[in-house]
Amino acid sequence: MGFARTCSVALVGVEGVVVEVQADLEAGLAAFTLVGLPDKTLVESRDRVRAAVVNSGAPWPQKKLTVGLSPASVPKSGSGFDLAVATAILSAAERIDPAVIADLVLIGELGLDGRVRPVRGILPAVLAAADAGYRQVVVPEQCAAEAALVPDVSVLGVRSLRQLLAVLTDGEVPEEEPPVLPGRPDPMVAGLVLPGAGLGTGLARYPAGTRPDGGRGDGEPGPPGLPDLADVAGQRLARRALEVAAAGGHHLYLSGPPGAGKTMLAERLAGILPPLTRQESLEVTAVHSVAGTLPPGEPLVGGPPYCAPHHSATLQSLIGGGQGLPRPGAVSLAHRGILFLDEAPEFSSRVLDALRQPLESGHVVVARAAGVVRLPARFLMVLAANPCPCGRHGLVGAGCECPPSVVRRYQGRLSGPLMDRVDLRVAVDPVARSDLMGRGGQGEASAAVAARVATARARAAARLAGTPWSVNGEVPGHELRTRWQPAPGALAQAERDLECGLLTARGLDRVLRVAWTVADLGGKDRPDALDVAVALELRTGIARGVPVGPGGAR
């Protein structure tokens, strides 16, 4: 009797699959069947869609109704199919011309009153639609700015099904009050509606090519207000390690007593990292969109994310998981940014060892009964730990009462294989009184350090152009030993440490990576023996007689 089709998007992790939503009306007993491997949330859309259609002033077809989601082999979950299902049904009932919606992608949840509510994962869903060749999408008004980040796609943000029906039938668009959502500001106040885009009605139109981020491009900074390194008193070696970590993408371990400044240092690392490129911003925003952690009114993540889970975090919350298809965990929320594990020995050893695979590969593959999901996880890890449970071990006159066996067991919670993947290991000593009182002079501000980091990264990027790697911390060891060799004789001390058992083969590769970063910070064409000595000291903690100062000064 009537048939119509339109499209929506199913998310599998942070990747989208375009789904064709087909509606078929036949003569027979009134019934509503939904097929195509839907989950429970999607099965419940039958009741939401029926109520939304009726409360929007459209009659519900009293016929046998079948809605199919194709391809049927792809698992489908969530409420984001509601808008597409309702539109396809109304088109099959001849309320909308089927040709009008055939090339549309519709994403959004429907309330029982017909209001269109926001859903997670708008950005990766629209990216998938654009890759599949679709150029027109309809989303909830609150998500329109996020969807418009995708180039060459026209975006229409609507507040209700009534508005969408009016647009698709060339009728008069009714005025609608913005929906009030818990914890979210009014979308008009949040600036999600472009001037001249139908402010009275609540429609948000973003023609193809419009950029809601104000035209921000590669290399421009994200939100201001990050903590400044100038707040940290003393700690020259730890500050230098922070600079090296930021310049080369090297993982960092800070060990020291409580109050020495480990957390302060880690919190200021994001302030010296370069801003994300446009592509990196889209990657990070897609992950946070799926996780539902995008701040209201900020559709694009411009700066490196900072994620600091509590030490009681479970394996699923750190790596990713949940019921049905897995959702991003902390390692994915820290993608292209920083994962800070404070009080690292207090984390479960099972949780810590699960980090070994993403540290090497830059992604996580989570397998569940509902499917296998690949999530991005290219992050810079910072571990912080006390020397013992009381935190006073090794301090003269501090009165540590922890037995040696307890100290060994506490420090042994960080396994050897995990620590072997950490490039920089720095002891953070208590702050000297002169530094704390300001008599040692104020430390450098983040802006000065960030400028050196940017210069060093530019040197590394020029050297690594045309390769899959962008920073020294990602380059395989055999490439550094063959393609980009250090100065003759530069590795002599590192080779002796390898023979003595102070370094593993992986450790030697990581020392070479750090040496290249130190050379980049010093403006050198390749590392020499002094650069390798600095890298060895930062990894082994054994003094090599090489004083380290800002900007590579010795």
Side-chain angles (χ1 to χ4, degrees), residues 9-17 37-44 74-80 118-125 183 251 253 266 283-295 301 304-385 413-415 417-419 421-422:
V9 180
L11 288 177
V12 182
V14 294
E15 298 178 357
V17 178
L37 206 59
D39 72 345
K40 183 174 178 58
T41 305
L42 188 49
V43 169
E44 291 176 348
V74 176
K76 304 166 190 72
S77 61
S79 57
V119 294
R120 297 178 177 181
I122 288 291
L123 178 59
H251 306 302
Y253 172 64
E283 291 177 13
V284 173
T285 303
V287 174
H288 285 256
S289 176
V290 171
T293 57
L294 279 181
V301 178
Y306 177 85
C307 188
H310 190 261
H311 61 255
S312 62
T314 63
L315 180 63
Q316 289 74 21
S317 66
L318 194 67
I319 302 301
Q323 295 182 347
L325 288 175
R327 290 189 177 273
V331 296
S332 296
L333 295 176
H335 180 58
R336 302 293 182 185
I338 301 159
L339 178 67
F340 177 46
L341 303 183
D342 201 5
E343 306 294 344
E346 301 295 342
F347 282 79
S348 163
S349 59
R350 180 166 169 259
V351 169
L352 290 174
D353 285 337
L355 294 172
R356 288 152 54 181
Q357 184 257 343
L359 286 175
E360 291 289 338
S361 64
H363 64 266
V364 174
V365 178
V366 185
R368 295 290 186 270
V372 178
V373 171
R374 187 179 187 271
L375 301 168
R378 179 73 65 185
F379 56 88
L380 196 164
M381 182 178 70
V382 180
L383 303 174
R413 292 179 181 177
L414 301 177
S415 67
L418 174 64
M419 292 302 296
R421 290 165 168 81
V422 179

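When all heavy atoms of Leu414 and Pro345 are compared, the pair lying nearest together is CD2-N, 4.2 Å. The nearest pair of heavy atoms linking Val43 to Pro38 is CG2-CG, 3.8 Å. Val287 and Pro376 get closest at one heavy-atom pair: CG2-CG, 3.6 Å. Here the shortest heavy-atom pairing between Val74 and Ala10 reads CG1-CB, 4.4 Å. Across Val364 and Pro358, no two heavy atoms sit closer than the pair CG2-CB, 3.8 Å. Closest non-hydrogen pair, Pro326 versus Val366, comes out as CG-CG1, 3.6 Å.
Using a 4.5 Å heavy-atom cutoff, the side chains of Ser79 and Val119 are in contact. Contact check for Leu352 versus Leu341: side-chain heavy atoms found under the 4.5 Å cut-off. Side-chain contact between Arg374 and Val372: absent, with no pair of heavy atoms (C-beta onward) separated by less than 4.5 Å. Looking at heavy atoms from C-beta onward, Leu375 lies out of side-chain contact with Val331 at the 4.5 angstrom threshold.
Partners of Ser317 under the side chain to side chain contact (heavy atoms under 4.5 Å, CB included) rule, at least two apart in sequence or in another chain, are Ala313, Thr314. Taking Glu44 as the reference, nothing meets the side-chain hydrogen bond (donor to acceptor under 3.5 Å, both in side chains) condition, with sequence neighbours excluded. Taking Ser77 as the reference, nothing meets the side-chain hydrogen bond (donor to acceptor under 3.5 Å, both in side chains) condition, with sequence neighbours excluded. With sequence neighbours excluded, no residue forms a side chain to side chain contact (heavy atoms under 4.5 Å, CB included) with Ser349. With sequence neighbours left out, the side chain to side chain contact (heavy atoms under 4.5 Å, CB included) criterion links Leu11 to Pro124, Ala125, Val290. Every salt bridge (charged side-chain N to carboxylate O under 4.0 Å, His left out) that Arg413 has, sequence neighbours left out, goes to Glu346. With sequence neighbours excluded, no residue satisfies side-chain hydrogen bond (donor to acceptor under 3.5 Å, both in side chains) with Thr285. Looking at residues two or more places apart in sequence or on another chain, you find a salt bridge (charged side-chain N to carboxylate O under 4.0 Å, His left out) between Asp353 and Arg356. Taking Ala334 as the reference, Cys307, Leu339, Phe379 meet the side chain to side chain contact (heavy atoms under 4.5 Å, CB included) condition, with sequence neighbours excluded. Scored by the side-chain hydrogen bond (donor to acceptor under 3.5 Å, both in side chains) test, His288 finds Thr293 as partners (sequence neighbours excluded).
Atom CZ of Phe347 sits about 11.5 Å away from atom CG of Leu418, to the nearest 0.5 Å. Note: Ile319 CD1 to Arg350 CZ = 10.0 Å, rounded to the nearest 0.5 Å.
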Please walk me through it: do Met381 and Arg421 pass side chain to side chain contact (heavy atoms under 4.5 Å, CB included)? CA-CA 10 Å; Met381 182 178 70; Arg421 290 165 168 81; over 6 Å; no
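Enclosure of atom CD in Glu15 is not indicated, since only 12 or fewer non-hydrogen atoms of other residues, nucleotides or ligands lie within 6.0 angstrom.
Sequence neighbours left out, the pairs with a member in residues 333-344 that pass side chain to side chain donor-acceptor pair (under 3.5 Å) are Thr263-Asp342, Glu283-His335, Glu283-Arg336, Glu343-Asn386.
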